[in-house]
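Down below is the structure, laid out as structure tokens.
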Amino acid sequence: MNEHDDTVNRATRLWTLLDDAQALLQGTCERTEAAQVPDLSACAAALTCGEEPEIQTGISQLDMESLRAAVHSCTRCGLSRTRRNPVPGAGAARPQVMIIGEAPGAQEDESGIPFVGRSGSYLDRWMHAIGFTREQDLYMTNIVKCRPPENRDPSADEQAACLPYLLRQIELLQPKMLLCLGLVASQILLDTTDSLGRLREQTHSFHGIPLVVTYHPSAVLRYPEKFRAPVWEDLKRLRSCVNELNDED
Ligand code: URA
């Protein structure tokens with residue numbers, strides 16, 4: 001590349017950054033009053049129908065430490081027989097954004113920490129680009145807390161068995177926003193069979209908490225040309241919603 005091309009490239013990148021910065025300052029986002037302390041136990045009961053009421057009540061009353069212990073000794077589904085380590089979740093105590101993936105992969109199963117593999121470092125880069133760090137701003141977890149063998153999709157029963165933990169985590173952490181990565185997380189939380197393309201079209205509300213849907217980092221790593229630009233749009237919307245909510249506080 002000659003010097004002129006290099007200058008043009010840098011100028012183009014700068015304009016893109018300025019556009020992005022402007023877009024981040026725009027947009028609207030609402031968080032309803034109900035979102036301050038959502039009560040998700042009824043939702044958990046509905047989604048895990050047929051289960052003993054006291055089991056439901058048990059999870060919906062745990063504090064974070066006991067929840068982690070409960071996940072560690074959990075045998076609510078068959079994934080407990082094949083996991084090495086359960087992966088309850090990790091991050092800030094009062095997160096701006098709770099990131100919800102599908103299920104732990106091999107490296108997460110090995111370490112007990114969410115999003116430490118290749119998609120995890122890519123996700124860290126996305127978050128860094130919009131000014132968030134794991135420790136201060138984010139809480140990362142998954143729909144199911146144990147790795148499905150061969151990284152298959154978690155079954156409906158496995159998702160339903162694990163969901164009460166996630167709902168209790170949302171209640172305890174009270175994140176400003178939720179970010180669902182991929183179809184599994186988006187469809188179960190929004191109780192829909194709509195496509196991801198469709199679900200990306202708007203910011204949703206999960207019991208009053210604004211929820212943004214985007215592609216899973218592993219999909220973007222596989223098909224960067226197709227998914228990188230839409231993901232950037234979603235991340236900018238997420239950031240501007242968080243900014244608005246912070247301005248309101
Ligand atoms: N993919 C996920 O959905 N979650 C993880 O924790 C790791 C990879």
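Computed over heavy atoms, backbone and side chain alike; hydrogens, waters and symmetry mates excluded. Atoms within a ligand are numbered from 1 in the order they appear, just like the ligands themselves.
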**Study point:** Nearest-contact summary for atom 2 (C) of ligand 1 - protein heavy atom, Å
**Key:**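 Among all protein heavy atoms, the one nearest atom 2 (C) of ligand 1 is Ala103 O, 3.1 Å.
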Review point. What residue and heavy atom of the protein are closest to atom 6 (O) of ligand 1, and at what distance?
Key: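 For atom 6 (O) of ligand 1, the nearest protein heavy atom comes out as Asn142 ND2, 3.0 Å.
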Check your understanding: Which ligand 1 atoms does Gly101 reach within 4.0 Å, using its non-hydrogen atoms?
Key ->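 Numbered from 1, ligand 1 contributes 3 (O).
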Review item, side-chain donor-acceptor pairs of residues 90-101, under 3.5 Å, at least two apart:
unit_1: Arg94; atom_1: NH1; unit_2: Leu172; atom_2: O; d: 3.1
unit_1: Arg94; atom_1: NH1; unit_2: Leu173; atom_2: O; d: 3.2
unit_1: Gln96; atom_1: OE1; unit_2: Asn246; atom_2: ND2; d: 3.1

Check your understanding: Going from CZ on Arg147 to CD on Glu108, what distance comes out if it is rounded to the nearest 0.5 angstrom?
Key ->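 Answer rounded to 0.5 Å: 9.0 Å.
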Review point. Any side-chain donor paired with an acceptor under 3.5 Å for Ser121 and Asp124?
Key: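 Per modelled atom types, Ser121 and Asp124 side chains form no pair under 3.5 Å.
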Practice item. Of the side chain and backbone of Ser218, name the one, both, or neither that has a heavy atom under 4.0 Å from an atom of ligand 1. Key: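 Neither; no heavy atom under 4.0 Å.
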Check your understanding: Does any N or O in the side chain of Asp109 come within less than 3.5 Å of the main-chain N or O of Arg84, such that one atom is a donor and the other an acceptor?
Key ->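 Yes; judged by distance alone, with no hydrogens or angles, the pair exists.
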Practice item. Report yes if His216 has an N/O atom closer than 3.5 Å to an N/O atom of ligand 1; otherwise report no. Key: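 Such a contact does occur with ligand 1.
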Which pairs would a plain distance check flag for residues 215-229, meaning a side-chain donor or acceptor within less than 3.5 Å of a matching protein atom at least two apart in sequence or in another chain?
unit_1: His216; atom_1: ND1; unit_2: Ser218; atom_2: N; d: 3.0
unit_1: His216; atom_1: ND1; unit_2: Ser218; atom_2: OG; d: 2.9

